[in-house]
There are 2 protein chains.
Amino acid sequence: MNINEILDKTHPINASSKIKLCECFEEVSLQKNHLIIRSNKVEKNIYFIKKGIARTFSNFDDNEVTIAFGEEGDTIISLKSYILYQKGYENIELLEDCELYKISVTKLQNLFSTDIDIANWGRKFAEQELIKAEQRFISNQLGTATERYLELIKKHPTLLQRVSLGLIASYLGITQVSLSRIRANIT
Amino acid sequence: MNINEILDKTHPINASSKIKLCECFEEVSLQKNHLIIRSNKVEKNIYFIKKGIARTFSNFDDNEVTIAFGEEGDTIISLKSYILYQKGYENIELLEDCELYKISVTKLQNLFSTDIDIANWGRKFAEQELIKAEQRFISNQLGTATERYLELIKKHPTLLQRVSLGLIASYLGITQVSLSRIRANIT
DNA sequence: TTCGTTTTTTATCATTTGATAAATTATTCT
DNA sequence: AGAATAATTTATCAAATGATAAAAAACGAA
């Protein structure tokens with residue numbers, strides 16, 4: 001998925017603004033297992049996934065929580081760095097070799113404060129992430145782990161081929177062994 | 001909390017833009033138990049809470065999920081209406097008599113597309129809600145219900161005085177009876 | 001291929017939470 | 001105050017998930 005499609009997916013931008021914005025992107029290729037964002041540091045860039053898949057996770061005490069999987073078109077981002085210029089809580093690792101579009105948060109912020117079209121693109125970007133986050137929260141409150149698992153593979157049918165069950169379990173908020181039991185009781 | 005403080009809390013706006021924005025607000029007083037936003041309709045307004053407390057909840061099949069409590073300075077909003085102009089999933093009820101600042105989504109959208117300062121305010125607003133949503137999600141994945149309860153009353157110490165335990169339980173994703181048992185095992 | 005490592009499954013027992021019902025306490029209304 | 005209603009607690013049993021261990025299957029590197 002190229003940068004044009006990725007940007008338009010969120011919100012169309014007029015031609016001249018889009019050129020300005022696109023000039024700030026740099027393409028990078030990184031290998032599987034690369035830890036592209038580390039927690040407890042201010043991350044200077046955000047990335048959009050052209051090709052590949054990434055996992056956002058966070059460690060607290062002994063627990064590791066998988067916050068999200070990012071596929072083609074999705075963003076690799078430390079929210080606290082991007083929004084508050086503070087140390088983030090997210091680690092992000094690449095689960096496959098990836099091609100990414102990279103942009104510096106500073107450059108993007110400059111465009112936000114000078115170009116209204118880009119500012120509104122940024123607004124739409126945050127708004128759409130917000131809806132996703134709230135719906136994810138609701139679905140977690142609502143259903144059993146079984147329902148959440150079925151919902152996940154229905155919504156992201158290719159995920160099972162790309163990601164190990166251990167990581168999916170941690171995304172669902174259960175142990176890997178529980179997920180295995182759940183799967184055994186379905187099919 | 002007045003509208004100036006509420007707006008500044010999210011992101012400062014220059015004087016002339018703020019005047020433009022503030023002109024669009026209308027103050028309304030509504031009574032306890034009023035259902036200010038109903039699910040499955042496109043809500044035309046959003047509200048900021050000057051005084052009082054509200055609860056956002058959603059019904060699916062037989063389950064009711066409390067998504068959020070809104071206190072002074074917080075927003076009463078149907079995200080899908082605000083962001084996608086679509087029917088929302090949220091019901092919002094007032095848990096006390098409330099004084100609110102009301103603004104039409106259409107007017108706000110017009111300001112977003114014409115005033116870069118207001119557009120960036122709207123961006124910051126969504127971004128800050130996004131961080132809250134993600135952190136809420138993480139804390140739900142991480143801890144036991146007991147830990148979440150303790151965290152909640154630590155973060156919002158007045159909530160227990162304003163909201164019944166049944167609603168707090170539904171916010172924590174457990175039954176009211178379970179919360180009662182948890183409380184008995186703490187003190 | 002083959003050996004070693006990782007992932008997944010299966011099994012057992014403990015813990016947490018849910019569902020239901022009944023008792024107690026608090027609140028509201030007249 | 002007293003009655004009615006709502007909120008909270010307590011108790012019991014069932015269901016879901018966690019923790020741990022061990023076996024089986026899949027995967028990867030030499």
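Chain letters run A, B, ... following the sequence lines, proteins first, then strands; residues in each count from 1.
One finds a salt bridge joining B:E64 and B:R55 here, because a Lys/Arg side-chain nitrogen approaches an Asp/Glu carboxylate oxygen to under 4.0 Å. Ion pairing of A:E72 with A:R162 is present here, as a side-chain N (NZ or NE/NH1/NH2) and a carboxylate O approach within less than 4.0 Å. A salt bridge is absent between A:E151 and A:R148: the closest approach of a Lys/Arg side-chain nitrogen to an acidic carboxylate oxygen does not fall below 4.0 angstrom.
One can place CD of A:Q176 at 17 Å from P of D:dA22, the figure rounded to the nearest angstrom. Atom-to-atom, NZ of B:K32 to P of D:dA6 comes out at 13 Å; the value is rounded to the nearest Å. Distance B:L160 CG to D:dA7 P: 15 Å, rounded to the nearest Å. The OH-P distance, from A:Y149 to D:dA16, rounds to 18 Å in whole Å. In this structure, CZ of A:R183 is placed 8 Å from P of C:dT8, rounded to the nearest angstrom. Taking atom CD1 on A:I186 and atom P on C:dT9, their separation rounds to 11 Å, with Å as the unit. In this structure, the CD atom of B:Q161 is 16 Å from the C1' atom of D:dT8, given to the nearest Å. Counting to the nearest Å, the C1' atom of D:dA7 and the CD1 atom of B:I168 are 13 Å from each other.
Using a 4.0 Å heavy-atom distance criterion, B:S180 is classed as a base contact.
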Expected rows: protein N/O vs nucleotides 15-21 of chain C N/O, under 3.5 Å:
from, atom 1, to, atom 2, distance (Å)
C:dT17, OP1, B:A145, N, 3.2
C:dG18, OP2, B:T175, N, 3.2
C:dG18, OP2, B:T175, OG1, 3.4
C:dG18, OP2, B:S178, OG, 2.5
C:dG18, N7, B:R181, NH2, 2.9
C:dG18, O6, B:R181, NH1, 3.2

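A donor-acceptor contact closer than 3.5 angstrom links the side chains of A:Q141 and B:N140.
When side chains are defined from C-beta on, B:R136 counts as touching B:Y171, because their heavy atoms get closer than 4.5 Å.
Panel note: side chain A:E93, backbone A:T56; no donor-acceptor pair is recorded below 3.5 Å.
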